[in-house]
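We count ligands from 1, going down the list as the structure has it; atoms in each ligand are counted the same way.
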Amino acid sequence: MKQFLSASDPSDIDELITDAMDLKSKPFRPDLGKGKTLGMVFLNPSLRTRMSTQKAAMSLGMNVINLDIGKDAWKIEFEDGAVMDGGSQEHIKDAVAVMSGYVDILAIRTFAELKDRQLDYQEKVLQDFVRYSSVPIISMESATRHPLQSLADLLTIKEHNLKRPKIAVTWAPHPKALPQAVTNSFLEWSHFIDAEVVLAHPEGYGLAPEFTKGITITHQQEEALEDADFVYAKSWSSYEHYGQLPQVAGNWTVNGKKMELTKKARFMHCLPIRRNVVATDSVIDSSIVLQQAKNREYSAQAVIQQLIKELL
Ligand code: CP
């Protein structure tokens, strides 16, 4: 594996999940990454991704450098050929070339701006990191995907050892417009496990066709939840009316009554979660969200481990 930006990058996703399971039973392997450095660059806030990826690298014996662009560093200019006489002090071209000179692997979190669909779906910022970096890039979430989350999600589902589980992926309400990245990515990765996946969302919240190809879609949340083994809730803003929150009929909050339609389903969410908006307290408190969050550590470690092996 030369980089980790999407499900297309690992040569064998089964092997990556097996590696993550193996690391979970014996995480501390300080010899592999000794003398190597992971750079972690954030253009947006993070709790889980920041801590789990740092811990993963440290368990492999690596040094870690963290940088919050916009807080710790100069303001970056992203436009090619820009006349930089405004507020930005440093061009992405120079910043990435310099950063990658200090580290062996560079991890980057970008985010969808939710203004211009074409711009977000081109992944301009992530692709600039790839273009100007001299070392492998790990995506810690980009405008359209969250592959480290998806790998942790597959690991979590596999740990429950169910034969061809039904996974209901459902849109849920949220007061703010959020990107489609987590759901896009989960749908993309779900093709690599043996599962029946049903996507439920209100009218106006359809996702990009490249991510929903081959996925069963319904506008009836209850229909999706029926006999589900896993319920994965996530809010996202409209792809069609890009970044907007079209009005939704009915109540899409996941509650205990809806969970009764399932086969005692395990409730999943990537976190952070708005309690009693996305799902009720009782649903979250009896869920597997902490297992998912813990598995972020081992999914990151499996990815870093494979990339380090390529460097040796
Ligand atoms: N799930 C997730 O990526 O969480 P953070 O935004 O806190 O990293």
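Counting heavy atoms under 4.0 Å from ligand 1, residue Met140 does not touch it at all. With a 4.0 Å cut-off on non-hydrogen atoms, Leu271 touches ligand 1 through its backbone and not its side chain. Looking at Arg109 against ligand 1, only its side chain comes within 4.0 Å, counting heavy atoms.
Under the 4.0 Å criterion applied to side-chain N and carboxylate O atoms, Arg131 and Asp128 are assigned as salt-bridge partners. A salt bridge does not link Asp153 to Arg296: none of the charged nitrogens lies less than 4.0 Å from a carboxylate oxygen.
In this structure, Asp120 contributes its side chain and Ala143 its backbone to no donor-acceptor pair below 3.5 Å. Between the side chain of His219 and the main chain of His201, a donor-acceptor pair closer than 3.5 Å is present.
Close N/O approach between Pro272 and ligand 1 is not found [any backbone or side-chain N/O within under 3.5 Å]. Between Arg48 and ligand 1, at least one N/O pair is under 3.5 Å apart. Note: an N/O pair closer than 3.5 Å links Thr49 and ligand 1 by distance alone. For ligand 1, the polar-atom distance check finds an N/O of Cys270 within less than 3.5 Å of one of the ligand's N/O atoms.
Closest of all the heavy-atom pairs between Arg274 and Pro175 is NH1-CG, 3.5 Å.
Side chains of Asn295 and Lys24: a donor-acceptor N/O pair is present below 3.5 angstrom, by distance only.
Interface of His146 with ligand 1, defined as ligand atoms under 4.0 Å from a residue heavy atom, comprises 2 (C), 3 (O). Close approach to Leu47 involves these atoms of ligand 1, each under 4.0 Å from a residue heavy atom: 5 (P), 7 (O), 8 (O). Listed by number with element, the atoms of ligand 1 under 4.0 angstrom from any heavy atom of Arg296 are 1 (N), 2 (C), 3 (O).
In this pair, Trp236 and Trp171 present their aromatic rings perpendicular. The plane angle is above 60°, beyond the 30 to 60° band.
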